[in-house]
Amino acid sequence: MFDTVGVMLLGLLAALFGWLGTRARSAHTLTLRWGGLILSGLLTLVFTAAVLVAGVGFYRLNVPPHRYTVREVQVAVTPEQLARGERFAVLCPLCHSPTGKAPLVGQNFGKNGPPVGTLYASNLTPAGEIRDWSDGEVIRAIREGVGKGGRPLVIMPSEVFHNLSDTDVQAIVAYLRSQPAVQPRTPPTKLNVIAALFIGAGVFQTSAQVPITQPVVAPTEGVSVGYGKYLVSILGCRLCHGDNLAGRRAGGAGPPAGPNLTLIVPKWTEEEFVHTLRTGVDPYRRILSEGMPWEAVSAFAGDDDLKAIYAYLHGLSPLEGPP
């Protein structure tokens, strides 16, 4: 993946302003000479730096940061596996469906954001590209953020799904395989120099994660702090509420900013917490923000799941978060 035209344009602009700088030296007036030298010099540096940053971005888009392998696994398809997979895939429609629910036909991420090229959430039905992927390759994409050919994915929240147990990720694959095939396939991702600049500058990251080399086993299901912590990790709570769940600062790129759960949840009873995630209305009769996917969480979680999440969040040490 490389935007030859975009990188060449940046290089030509750097060369143009460098040439204009040499021309400015022969200006007859001191103001034009030094003004031209300073302006052209700055722009030359800016576009030269842009070429270098874009190069770093395209390197990160094409070269994975680790050596990845594909696990040899054949996912069993049983009624129990399919039911569990449908439940654990509850967050997939948020990205992979324009309606927020099945079928997972994909959607165009590029139409409402900056002009970064062709960027679609893939069609995850058997008519999409996963039709040609092994079960191990699909699992690697979900948890490690690497595509079939070994290239890092983008937008895929693998930092969340990296925590999925072997049992649960295999159930998701079984569910994806069982959906009705819905055409057409989504176009392949083809990012331009603007996307490379964002990634090269560290504004956005690829989805590539540390390789998983050992079996991943979830805690025993039940109303426990350990299982609640597991559910919080795989439901993506930290994407909005911060790595330490003390909230994220509003504004900037990325998911919507969520409030400080270490200060909020300990003030609620277990019943109030469960009611909030079932209704979208907190104990103070305030409606949860549109960015909070409480309906998806409620569809996924049984009462014991929500109680386990409450047990984990209620036991966190209070932390001061961003305003």
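Bear in mind that the values here come from a model prediction, so they are computed numbers and not experimental data.
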Here the gap from Thr44 atom OG1 to Leu39 atom CG, rounded to the nearest 0.5 Å, amounts to 9.0 Å

* **Lys190 NZ: over 12 foreign heavy atoms closer than 6.0 Å** => no

message: Can you see whether Thr167 engages Ser165 through a side-chain donor-acceptor pair at a distance of less than 3.5 angstrom?
response: no

task: Using a 4.5 Å cut-off on heavy atoms from C-beta on, say whether the side chain of Val146 contacts that of Leu153.
output: no

Checklist entry - Is the shortest heavy-atom distance from the side chain of Pro259 to the side chain of Ile264 under 4.5 Å? => result yes

CG of Leu176 to SG of Cys92, rounded to nearest 0.5 Å, is 6.0 Å

| request: On the 0 to 90° scale, with breaks at 30° and 60°, tag the His314-Tyr310 ring pair as parallel, tilted or perpendicular. | output: tilted

Cut-off 3.5 Å, side chains only: do Thr206 and Arg60 have a donor facing an acceptor? no

Worksheet item: Are any of the side-chain nitrogens in Arg143 or Asp168 under 4.0 Å away from the carboxylate oxygens of its partner?
Response: no

- Query: Hey, mind stepping through Arg248 and Asp243 against salt bridge (charged side-chain N to carboxylate O under 4.0 Å, His left out) and telling me if it holds?
  - Reply: CA-CA 9 Å; Arg248 286 181 63 246; Asp243 292 339; over 6 Å; no

Could you check whether any side-chain N or O of Gln179 sits under 3.5 Å from a backbone N or O of Leu124, counting only pairs where one atom can act as donor and the other as acceptor?
yes

Any donor-acceptor pair under 3.5 Å from Asp304 side chain to Lys307 backbone: no

(Q) Main chain of Asn123, side chain of Arg185: is a donor-acceptor contact present, judged purely on distance under 3.5 Å? (A) no

Query raised in the report: Under 4.5 Å between any side-chain heavy atoms of Asp135 and Gln74, yes or no?
Result: yes

Q.
What I want to check is whether the side chains of Gln209 and Ser158 have a donor and an acceptor closer together than 3.5 Å.
A. no

Rounding to 0.5 Å, atoms CZ (Arg71) and OG1 (Thr213) come to a distance of 9.5 Å

Item to complete: Mark yes or no for whether Asn62, through its side chain, and Met1, through its backbone, hold a donor-acceptor pair below 3.5 Å.
Response: yes

query: Are Tyr227 and Val90 connected in a single hydrophobic cluster, I mean Ile/Leu/Val/Met/Phe/Trp/Tyr linked by side-chain heavy atoms less than 4.5 Å apart?
result: yes

Q.
Quick one, Arg87 and Asp305 - any side-chain contact, counting heavy atoms below 4.5 Å?
A. yes

Q) Donor-acceptor pair, Arg140 side chain versus Gly145 backbone, under 3.5 Å? A) no

Worksheet item: If you group Ile, Leu, Val, Met, Phe, Trp and Tyr by side-chain heavy-atom gaps below 4.5 Å, do Val7 and Val56 land in one group?
Response: no

- Does the Thr279 side chain pair with the main chain of Val281, one donor and one acceptor, at a distance under 3.5 Å? yes

message = Any non-hydrogen side-chain atom of Pro98 less than 4.5 Å from a side-chain atom of Val105?
response = yes

Nearest heavy-atom contact between Ala308 and Gly222 is CB-O, 3.4 Å

(message) Does atom CG (Leu42) have a neighbourhood of more than 12 heavy atoms from anything else shown, all under 6.0 Å?
(response) yes

Between Ile194 and Pro115, is any pair of side-chain heavy atoms under 4.5 Å apart? yes

Can you confirm whether Leu164 sits close enough to Ile172 that some side-chain heavy atom of one is under 4.5 Å from a side-chain heavy atom of the other? yes

So, the side chain of Asp166 versus the backbone of Pro215: is there a donor-acceptor pair under 3.5 Å, distance only? no

In terms of heavy-atom contacts, Leu245 and Tyr312 come closest through CD1-CE2, 4.0 Å

Derivation and outcome, side chain to side chain contact (heavy atoms under 4.5 Å, CB included), residues Phe17 and Leu20
CA-CA 5 Å; Phe17 286 111; Leu20 289 175; 3.9 Å; yes

Between Gly236 and Val160, the two heavy atoms sitting closest are N-CG1, 3.5 Å

> Is there a side chain to side chain contact (heavy atoms under 4.5 Å, CB included) between Arg238 and Asn244 once you walk through the steps?
Replying inline: CA-CA 7 Å; Arg238 288 182 171 84; Asn244 57 6; over 6 Å; no

- Message: Could you check whether atom CD of Gln183 has more than 12 heavy atoms from other residues, nucleotides or ligands sitting under 6.0 Å from it?
- Response: yes

Exercise for the section: Ignoring hydrogens and angles, tell me if any N or O in the side chain of Glu272 forms a donor-acceptor pair with the backbone of Thr269 under 3.5 Å. Expected result: yes

Tested for side chain to side chain contact (heavy atoms under 4.5 Å, CB included) against His96, the lone hit among Leu91, Leu104, Thr125 is Leu104

Exactly one of Leu9, Leu10, Leu52 clears side chain to side chain contact (heavy atoms under 4.5 Å, CB included) with Phe47, and that residue is Leu10

Closer than 3.5 angstrom, by distance alone: can the side chain of Glu159 be matched with the main-chain N or O of Ser207 as a donor-acceptor pair?
no

So CZ of Phe161 and CE of Met156: to nearest 0.5 Å the spacing works out to 5.5 Å

How far apart are the C-alpha atoms of Leu316 and Leu313, what are their side-chain angles, what is the distance that settles it, and do they pass the side chain to side chain contact (heavy atoms under 4.5 Å, CB included) test?
CA-CA 5 Å; Leu316 293 176; Leu313 295 178; 3.9 Å; yes

Value for OG1 (Thr189) from CG (Leu119), rounded to nearest 0.5 Å, stands at 5.5 Å

inquiry  = Is there a side-chain contact between Val75 and Gln81 in this structure, where contact means two heavy atoms from C-beta onward sitting under 4.5 Å apart?
reply    = yes

Rounding to 0.5 Å, atoms CD (Glu72) and OG (Ser134) come to a distance of 7.0 Å

Practice task
Answer with yes or no whether the hydrophobic clustering places Val265 together with Leu239; edges join I, L, V, M, F, W, Y residues whose side-chain heavy atoms lie under 4.5 Å apart.
Solution key: yes

Practice task
Can you label the angle between the Phe300 ring and the Phe88 ring as parallel, tilted or perpendicular, going by 30° and 60°?
Solution key: perpendicular

Between Pro126 and Pro180, the two heavy atoms sitting closest are CD-O, 3.9 Å

Task: Tyr230 with Ile142, same ILVMFWY side-chain cluster at under 4.5 Å - done: yes

message = Looking at Arg84 and Glu221, is any side-chain nitrogen of the basic one under 4.0 Å from a carboxylate oxygen of the acidic one?
response = yes

ask   = Where the side chain of Ser178 meets the backbone of Tyr175, is there a donor-acceptor pair that is under 3.5 Å apart?
value = yes

Heavy-atom closest pair (Val138 atom, Arg177 atom, distance to 0.1 Å) is CG2-NH2, 3.9 Å

I'd like to know whether the aromatic ring centres of Tyr120 and Phe109 sit less than 6.0 Å apart in this structure. no

In terms of heavy-atom contacts, Val193 and Asp3 come closest through N-OD2, 2.9 Å

Report task. Walk me through it: do Trp268 and Asp282 pass the test side chain to side chain contact (heavy atoms under 4.5 Å, CB included)? Result -> CA-CA 9 Å; Trp268 297 355; Asp282 74 9; 4.0 Å; yes

For this session: Treating Ile, Leu, Val, Met, Phe, Trp and Tyr as nodes and any side-chain heavy-atom pair under 4.5 angstrom as an edge, say whether Leu94 and Ile234 lie in one connected cluster.
Result: yes

